[in-house]
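Structure record follows, encoded as structure tokens.
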Amino acid sequence: MRTRYRIDDFQETYFVIADLDELLELGRIDFGPIYERVQGEPEFEPGAVLETDRIVTRGTGRYHQDRRQDAK
């Protein structure tokens, strides 16, 4: 919720769920209180890894590095 992202391009970070049941459980959550709690907190850059994250695989980031370079 606090990671900046673009909706019009490939994402640098994807979050993985264990199974369909976990996805369905997420659909039952009232995110309103969570949004209120994190409002005003600092945002994370795409590709940032927190201590609580478990990395399954990590790419090179080359795609987005090239895109940033092209934009200059």
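The first residue of the sequence shown is numbered 1, and numbering continues consecutively from there.
The minimum heavy-atom distance between Gln65 and Thr60, with the atom names listed, is NE2-O, 3.9 Å.
Within 6.0 Å of CD on Gln39 lie no more than 12 heavy atoms contributed by other residues, nucleotides or ligands.
A donor-acceptor distance shorter than 3.5 angstrom exists from the side chain of Asp30 to the backbone of Gly32, with no hydrogens or angles considered. Looking at Glu25, its side chain never comes within 3.5 Å of a backbone N or O of Asp21 through a donor-acceptor pair.
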(message) One pair to check against side chain to side chain contact (heavy atoms under 4.5 Å, CB included): Val49 and Arg58. What are the steps and the verdict?
(response) CA-CA 10 Å; Val49 177; Arg58 187 171 181 132; 2.5 Å; yes
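Counting only residues at least two apart or on different chains, the ring pair (Phe, Tyr, Trp, His ring centres under 6.0 Å) pairs with a member in residues 30-72 are Phe10-Tyr63.
Phe15 and Leu20 end up in different hydrophobic clusters when Ile, Leu, Val, Met, Phe, Trp and Tyr side chains are linked at under 4.5 Å. When the side chains of ILVMFWY residues are joined at heavy-atom separations under 4.5 Å, either directly or via intervening members, Tyr14 and Ile17 end up in two distinct hydrophobic clusters.
The distance from atom CZ of Arg4 to atom CD of Glu43, rounded to the nearest 0.5 Å, is 6.5 Å.
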